[in-house]
Amino acid sequence: MPKNVASEELIKEIKLLNDQKETLDRSAKMLLEQDVELHQAYSKLEEEKKSVSAERNKLALILSGVTDAVIAVDLDHRIVTFNKAAEELTGYPASQAIGKPISRLIKISEKSKIIPKQTYCPINTNTQEGIVFSKEGVQLISAHGQKVFVNLVCGQIKEGRRANLGGIITLHDVTEERQLEEMKLDFVSMAAHELRTPLTAIRGYLSVFIEENKNKLGEEQKMFLNRISISTEQLIALVENLLSVSHVERSSLTLNVERVNWPQIIKKVINDLMIRAKEEQLKLIFTEPKKPFPKVEVDPLRITEVLNNLLLNALTYTPAKGKVQVWLESDGNNLITHIKDTGQGIPREALPHLFTKFFRVSGKLEQGSKGTGLGLYIAKAIVEMHGGKIWVESKLGKGSTFSFSLPIKRADG
């Protein structure tokens with residue numbers, strides 16, 4: 001082979017080797033860069049892992065300090081979080097609870113009826129977020145068979161399905177509050193029962209005394225006896241209200257239901273109060289329906305108590321020369337009774353509290369009122385026991401309209 005040909009071949013080989021070396025150098029450089037990126041990514045993942053772990057530990061620490069029981073369940077209602085308060089409340093250790101179906105450990109009931117887990121913790125994370133169930137005073141049976149009362153709240157997040165989180169249940173123990181309430185009810189009931197007998201005797205003897213001596217008494221003596229009689233009646237009404245509240249709180253208030261002609265009952269109550277209305281220079285008007293309404297199934301005594309209470313309030317808080325109107329209407333399913341007065345009206349801030357126990361409106365409406373704040377509370381309970389609703393519309397200085405509905409779905413035609 002000629003020398004120059006060999007040289008050319010050698011040069012080509014060297015050039016090829018140099019090209020291969022450059023390629024290998026570039027590949028090595030790329031691998032090195034990838035290795036650096038991989039190392040950086042790994043370091044970043046480690047940092048994120050530590051951050052998530054820290055957040056988890058932080059959440060666990062927060063939950064351990066929360067006094068309410070917190071239980072989180074996955075999409076299959078299996079327990080995934082069980083804080084220390086939940087252990088104390090239920091009697092189950094977290095190690096035994098985690099991973100178990102919540103229905104196996106937690107039994108929630110109301111009035112001796114078990115509430116299904118699908119009711120108090122519905123799994124619907126695609127559309128619902130926030131509180132999805134809330135109930136006060138439900139009963140929970142612990143691992144030791146002990147019954148406790150709790151306020152239950154269940155919440156969800158939209159991202160729950162992605163995180164396999166079905167719901168977060170919070171249980172607030174109200175057993176002590178319930179026990180204290182029971183003690184108060186026992187005391188009130190006992191005191192009211194003890195007061196009822198002597199008060200009834202006082203009323204009876206006073207009535208007999210006034211009747212037998214009415215021709216011998218002077219005007220001043222009659223005035224004093226009349227005031228004693230009024231005060232006695234007020235005390236008896238208070239005792240009866242306290243007993244009714246006790247029955248309402250214990251859910252032991254009973255109804256003796258019968259079918260009645262409601263307009264006829266209203267006419268009777270109106271007639272009974274007509275004398276008082278005239279004495280106070282008030283117009284008391286019942287607009288009788290032009291067409292007959294179906295009869296409704298109610299307890300005549302209890303529902304008359306509601307009507308009496310609303311009418312007496314209207315007469316009490318309406319100034320002389322004013323007017324109290326009563327009328328009926330039907331929406332097809334309910335018979336609605338309206339009581340409208342031309343009194344002083346009720347402040348807007350008082351309206352949400354009007355039907356709560358012992359609430360009394362402050363200001364002008366309080367002056368001269370001897371009420372206890374129980375009448376409207378009892379009226380609301382009675383109406384709701386009948387399956388109806390009670391509400392009020394009022395503007396200060398323009399009077400009030402109290403209304404309540406009674407279902408007519410079971411009435412005859």
Side-chain angles (χ1 to χ4, degrees), residues 203 206-207 210 214 217-238 240-241 263-289 303-329 336-351 353-355 358-380 390-404:
R203 177 172 62 181
L206 187 61
S207 176
I210 293 173
K214 59 184 178 182
L217 298 171
E219 290 301 320
E220 190 176 16
Q221 292 172 321
K222 288 180 180 179
M223 180 190 69
F224 289 145
L225 288 171
N226 184 52
R227 288 180 179 177
I228 293 171
S229 179
I230 292 172
S231 296
T232 303
E233 293 296 335
Q234 289 174 343
L235 275 173
I236 290 172
L238 172 59
E240 293 301 325
N241 279 342
Q264 291 298 323
I265 291 180
I266 294 177
K267 285 175 67 176
K268 183 180 183 306
V269 173
I270 293 287
N271 289 334
D272 292 342
L273 293 174
M274 195 61 73
I275 294 175
R276 173 171 174 171
K278 289 179 179 178
E279 288 176 351
E280 297 181 10
Q281 302 178 50
L282 298 172
K283 289 183 179 180
L284 180 55
I285 303 167
F286 173 44
T287 305
E288 294 189 46
I303 211 67
T304 299
E305 184 180 347
V306 173
L307 186 60
N308 255 315
N309 183 282
L310 297 177
L311 284 170
L312 285 172
N313 281 349
L315 294 173
T316 300
Y317 296 113
T318 302
K321 308 296 183 182
K323 183 168 61 174
V324 176
Q325 293 175 280
V326 182
W327 74 95
L328 297 174
E329 68 171 322
I336 303 170
T337 305
H338 300 283
I339 297 100
K340 182 179 180 180
D341 63 60
T342 56
Q344 299 169 2
I346 303 165
R348 181 184 297 178
E349 62 272 15
L351 293 176
H353 312 285
L354 207 57
F355 296 97
F358 297 117
F359 179 78
R360 293 181 64 193
V361 180
S362 58
K364 290 183 178 180
L365 289 177
E366 191 178 24
Q367 297 173 7
S369 172
K370 299 294 188 289
T372 59
L374 295 175
L376 291 177
Y377 172 78
I378 295 169
K380 180 175 184 287
I390 187 168
W391 65 95
V392 60
E393 295 176 1
S394 182
K395 288 186 179 180
L396 204 57
K398 294 187 177 181
S400 307
T401 301
F402 282 83
S403 308
F404 65 93

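- In this structure, the separation between CG on L310 and CG on L315 is 11.0 Å, given to the nearest 0.5 Å.
- Between atom CG of residue L354 and atom OH of residue Y377 there is a gap of 14.5 Å, rounded to the nearest 0.5 Å.
- Taking E393 as the reference, nothing meets the salt bridge (Lys or Arg N to Asp or Glu O under 4.0 Å) condition, with sequence neighbours excluded.
- Side-chain contact between N313 and L376 is present, with heavy atoms from C-beta onward closer than 4.5 Å.
- Of the possible donor and acceptor atoms, one in the side chain of T342 sits under 3.5 Å from a partner among the backbone N and O of K323.
- Annotation: the span from L351 atom CG to S400 atom OG amounts to 8.0 Å, rounded to 0.5 Å.
- No side-chain heavy atom of E219 sits less than 4.5 Å from a side-chain heavy atom of M223.
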*Determine, step by step, whether I339 and L307 satisfy the side chain to side chain contact (heavy atoms under 4.5 Å, CB included) criterion, reporting the C-alpha distance in whole Å, the side-chain angles of both residues, the deciding distance to 0.1 Å, and the verdict.*
CA-CA 9 Å; I339 297 100; L307 186 60; 4.1 Å; yes

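- Between the N271 side chain and the K267 main chain, a donor and an acceptor come within less than 3.5 Å of each other.
- With sequence neighbours left out, the salt bridge (Lys or Arg N to Asp or Glu O under 4.0 Å) criterion links K268 to D272.
- Judged as a salt bridge (Lys or Arg N to Asp or Glu O under 4.0 Å), and not counting sequence neighbours, the contacts of K380 are E384.
- Using a 4.5 Å heavy-atom threshold, the side chains of I336 and W391 count as touching.
- With a 4.5 Å cut-off on side-chain heavy atoms, V326 and I270 count as touching.
- Remark: S403 engages H338 in a side chain to side chain donor-acceptor pair (under 3.5 Å) (not counting sequence neighbours).
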Side-chain donor-acceptor distances from residues 276-286 under 3.5 Å, at least two apart:
from: R276; atom 1: NE; to: E280; atom 2: OE2; distance (Å): 3.0
from: R276; atom 1: NH2; to: T316; atom 2: OG1; distance (Å): 3.2
from: Q281; atom 1: OE1; to: K321; atom 2: NZ; distance (Å): 3.4

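- Note that CD1 of I265 is 10.0 Å distant from OG1 of T337, once rounded to the nearest 0.5 Å.
- More than 12 heavy atoms of other residues, nucleotides or ligands lie within 6.0 Å of NZ in K222, so this atom counts as buried by the packing criterion.
- Judged by distance alone, with hydrogens and angles left aside, the side-chain atoms of S207 form no donor-acceptor pair with the main-chain N or O of R203 at under 3.5 Å.
- The backbone N or O of I228 lies less than 3.5 Å from a partner atom in the side chain of T232, making a donor-acceptor pair.
- Counting heavy atoms from C-beta outward, I266 and L328 have side chains that approach closer than 4.5 Å.
- Taking CG of L238 as the reference point, atom CD of E233 lies at 12.5 Å (rounded to 0.5 Å).
- The side chain to side chain donor-acceptor pair (under 3.5 Å) check on Q221 picks up nothing, with sequence neighbours excluded.
- The minimum heavy-atom distance between G343 and P319, with the atom names listed, is CA-CD, 3.9 Å.
- The heavy-atom pair separating G345 from L396 by the smallest distance is O-CD1, 3.7 Å.
- Here the side chain of D341 pairs no donor or acceptor atom with the backbone of G399 at under 3.5 angstrom.
- Atom CG of L273 is separated from atom CG of L311 by 6.0 Å, given to the nearest 0.5 angstrom.
- The closest side-chain heavy-atom distance from I346 to F402 is below 4.5 Å.
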